[in-house]
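A short write-up of the structure that comes next.
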Amino acid sequence: MIWPGMGDPAKRKKTLKFLAITAGIGFIIYFGGLEIQNYLHKDDPLYQCINNRDINYKISATLELTADGKKADIPAKVGFDGGCQKSLYTLSNDGVIYAAWDNKYRFEIGQFLWIWKFPLRDMDETKSRILVNGVESPDFIHTSLEDEAHYKAEFISKASESGSPSFTPPGT
């Protein structure tokens, strides 16, 4: 079979040149986009490793999480990936979460859930809530992490009403 544009030698040369230029432009856009993202995230604590940084701001808080009424353990080593320590992390599975950065930064409970890869999209946000020291927060996952505070996250999965098996968080 002769592909369109490949039968005539003159057309073949133009077609291959067009494909090569298009591929080159695609590579430039792709790698240029990666460089732009790296530049924009260079000072964002959620994307950077803190291994070799001068850390001046540290806080810790406790988190208790339930999903569909079942207590879920917060696993150890959240925020550690291939030798990279993120700014939000756990050391053990005791529920203590830590935040660290170069200077003061407004960390949120939802950012920790994101680093943990907690499937928030599977939760019914209208029925779930976050409590800070026993008081419900109106900011839900945008609740700021405060030093020595106790957080309780109560999530109801979307599957709980449909009769499907209840959700189990990662690491449990």
Please step through side-chain contact (heavy atoms from CB on, under 4.5 Å) for the pair W101 and Q48, ending with a clear verdict.
CA-CA 10 Å; W101 191 237; Q48 300 299 318; 3.9 Å; yes

Restricting to pairs with a member in residues 109-141, which pass disulfide bond (SG atoms under 2.5 Å apart), not counting sequence neighbours?
none

Restricting to pairs with a member in residues 116-159, which pass disulfide bond (SG atoms under 2.5 Å apart), not counting sequence neighbours?
none

Got a sec, which residues hit ring-ring contact (aromatic ring centres under 6.0 Å, His included) with Y151, two or more places apart in sequence or on another chain?
none

Is any side-chain heavy atom of [X] closer than 4.5 Å to a side-chain heavy atom of [Y]?
X    : Y    : answer
Y98  : K58  : no
E125 : I141 : no
D68  : I156 : yes

Would you confirm whether the ring centroid of F118 sits within less than 6.0 angstrom of the ring centroid of F112?
no

Quick one: side-chain hydrogen bond (donor to acceptor under 3.5 Å, both in side chains) partners of [X], sequence neighbours excluded?
X    : value
T66  : none
D139 : none
N133 : none
T143 : S137

Modelled atom types, side-chain donor and acceptor of D122 and S157, under 3.5 Å
no

So which heavy atom on G134 is nearest to which on L131, and how close?
O-CD2, 3.6 Å

Compare every heavy atom of K158 with every heavy atom of M123, then report the nearest pair and how far apart it is.
O-CE, 3.3 Å

State the CG-CD distance between D73 and E64, to the nearest 0.5 angstrom.
10.5 Å

Taken in chain and number order and not counting sequence neighbours, the residues that satisfy salt bridge (Lys or Arg N to Asp or Glu O under 4.0 Å) with E136 are R129

Who are the salt bridge (Lys or Arg N to Asp or Glu O under 4.0 Å) partners of D81, not counting sequence neighbours?
none

Ring geometry between Y57 and F107 (parallel below 30°, tilted from 30 to 60°, perpendicular above 60°)
parallel

Counting only N and O atoms by type, is there a donor-acceptor contact under 3.5 Å from the side chain of N51 to the main-chain atoms of G83?
yes

Does any pair with a residue in residues 103-113 pass side-chain hydrogen bond (donor to acceptor under 3.5 Å, both in side chains), and if so which ones, sequence neighbours excluded?
R106-E108, R106-S144, E108-H142

NZ/NE/NH1/NH2 to OD/OE distance under 4.0 Å, D102 and R53:
yes

Let me check something: do I29 and I21 share a hydrophobic cluster, defined by ILVMFWY side-chain heavy atoms less than 4.5 Å apart, either directly or through other members?
yes

Report whether F27 and Y30 are members of the same hydrophobic cluster (ILVMFWY, side-chain heavy atoms less than 4.5 Å apart, transitive linking).
yes

side-chain contact (heavy atoms from CB on, under 4.5 Å) assessment of I109 paired with I97
CA-CA 10 Å; I109 196 73; I97 56 177; 4.0 Å; yes

Donor-acceptor list for residues 84-91 side chains, cut-off 3.5 Å, not counting sequence neighbours:
unit_1 : atom_1 : unit_2 : atom_2 : d
K86    : NZ     : Y47    : O      : 3.4
S87    : OG     : P45    : O      : 2.8
T90    : OG1    : P75    : O      : 2.8
T90    : OG1    : K77    : N      : 3.2
T90    : OG1    : V78    : N      : 3.0

Begin from the C-alpha positions of L65 and I74 and carry the test side-chain contact (heavy atoms from CB on, under 4.5 Å) through to its verdict.
CA-CA 8 Å; L65 190 134; I74 311 298; 4.0 Å; yes

With sequence neighbours excluded, residues passing side chain to side chain contact (heavy atoms under 4.5 Å, CB included) with D147:
I59, S60

